[in-house]
Every structure is written in C-alpha cells, then in structure tokens.
Peer 1: 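I have a structure here, written as structure tokens, and I will follow up with some questions on it.
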Amino acid sequence: MKIIKKRLGRDFYLQPTLKAAKELLGKYIVHRLGGKRLVGKIVETEAYIGPQDKASHAYGGKVTKRNRAEYLIGGHIYIYLVYGMYWQLNISTGPEGRPECVLIRALEPISGYKNPKFKTLNPKQIQNSKFKIQNFPNGPGKLCRWLKLDKSFYGEDLTKSKRIWLEDRGEKISKSKIVASKRIGIDYAGKYWADKKWRYYIKDNPCVSKT
DNA sequence: GTACAGATTGAG
DNA sequence: TCAATCTGTACT
C-alpha cells in the first residue's frame, strides 16, 4: 500500500487554534537539510491564544519585534529563544492579525537520527531500549536541537517553504488517544490561565515530554 | 545604559 | 533543587 504524503495547506492552519493543536498530533514535520531529511511525528502540542491569554507573548495585544510572527496568517513559524539556550518552535494559526499559535512540544523521531537502528524501533521498543533518551526530541527545546532549527526559520511559511513543512501521512489519532492537560511552565500567568487544559498529547506515547 | 526574567534542561 | 546562558523588553 502506498503511503500518502500530503503537505498541509493554508486551510489546515486556519482552523480554530484548539482544534489545530489537536489535529497536529500524528502529523509529520519534515526538515530538508543537505541531502537528508529530518522527520518527526508530532506527539505533543500546546495552544496559546492571545491577546486574552495571559500566558501568551501577545497578551493584551502586545506587538514586539520578537512576537510579531504570532500575528501572521496560519502556517508560519514563530521561533524564539528561552532561558538563553533553547529554541521553541511554534506555528501560527488563524487569520492574519490574530496572535494565536501552537507550540510543538515533542516528536517521535522517524528518520534522521544518528543511530540508523533507531528508525526501525517502534515506540514500545524505544521505551525499553537502552538508547540515551538525552538526544530525543521529547521536549520543546530538545526538539529544536534535534531538528536543527534556529532563528533563521523565523517567519518561514510552512505551506511554501522548500526546506521545512508538515505532512499528513494518512494517520488519524482517535479521540480516545488524545489527552488534554495543563500547559507547562506558565504558572506566572495565574491560576486561571495556567489551569487551562490546552496541552495535548498522544496517550501512552513514550516520546511525550516528562513533566 | 542597565536591569531582569523566561512557553527548559540536565546535573547534583 | 538549582545553575546555565542570553536576548528582548522595559524602565531610568
């Protein structure tokens, strides 16, 4: 059977942000680098819905040099540095001018991992294997390191870029496999916003970030 | 010009 | 539990 590989188009990113955050689970991110392709399956996401969301960088409708990519029409990359060390990959959603985005928090590595044995392992084997979890893209900072993403991807259009895009490979994550939970690391936003269950992940997937 | 905190991570 | 590490942002 032929595997379907369809690049996600603008319509996908124009869905309501919470829906897009859930739909992104099970989609594949592809970064073409040199002659290789780094490919990962998205297994964890978080939604940020400014300007009302106190945890969002666009809270209150704030526009800065850093966050302006959040306002782009759905399908653009908003990437920024936290703690002076780690890049965070976000994808803008919704129409132009509305600061909503989805943070990609974890991937299941599909190809590109330096150990070629890796791609033949299924998730259960990954969990049981002795491979160092250290280099896994199982966290927002580690994911960017694994995919080799940095500021040069700021504002990149995922529907048009020749080096990075998202694919639908015909995989459908059933509703019962999607878990909604509180977002991570945003307690400063206050209980109301910190308690919103806008983090989604694939149940039992070993590549979901540790909390 | 200067102070300051952060959508994390890994070591101790 | 805590330091690393640095840029954007806000304020003097």
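Just so we're on the same page: letters track the sequence lines, and every chain starts at 1. Here the structure is a predicted model, which is why all the values come from computation and not from measurement.
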Peer 1: Anything below 3.5 Å on both distances counts as a pair; with that, list the stems of at least three consecutive Watson-Crick or G-U pairs involving DNA chain B.
Peer 2: B:1-6 with C:6-11, B:8-11 with C:1-4

Peer 1: So where does chain A start and stop touching DNA chain C, 5' to 3', when the test is distance under 4.0 Å to a non-hydrogen atom?
Peer 2: C/dA4 to C/dA10

Peer 1: Among B/dA7, B/dT8, B/dG10, which nucleotide has an atom closest to any side-chain atom of A/Arg145?
Peer 2: B/dG10

Peer 1: Examine B/dG10: is either OP1 or OP2 under 4.0 Å from a nitrogen or oxygen in the side chain of A/Lys142? Give yes or no.
Peer 2: yes

Peer 1: Could you check whether A/His76 and A/Tyr13 have their ring centres less than 6.0 Å apart?
Peer 2: no

Peer 1: Using a 4.0 Å heavy-atom cut-off, does A/Lys54 contact any base of the nucleic acid, only the sugar-phosphate backbone, or nothing at all?
Peer 2: nothing

Peer 1: Is it the case that the base of B/dA5 and the side chain of A/Tyr83 share a donor-acceptor contact (distance under 3.5 Å, atom types as modelled)?
Peer 2: no

Peer 1: Would you tell me whether A/His57 and A/Tyr78 have side-chain atoms, one donor and one acceptor, within less than 3.5 Å of each other?
Peer 2: yes

Peer 1: Want to settle it: does A/Met85 or A/Lys65 sit nearer the 5' end of DNA chain C, counting the closest nucleotide to each?
Peer 2: A/Met85

Peer 1: Would you classify A/Lys62 as touching base, sugar-phosphate or nothing, given that sugar-phosphate means primed atoms plus P, OP1 and OP2, and contacts are heavy atoms under 4.0 Å?
Peer 2: sugar-phosphate

Peer 1: Is the phosphate of B/dT8 approached by A/Arg105 (side-chain N or O, under 4.0 Å from OP1 or OP2)?
Peer 2: yes

Peer 1: Calculate the interatomic distance between A/Tyr59 atom OH and B/dG6 atom C1'; express it in whole Å.
Peer 2: 18 Å

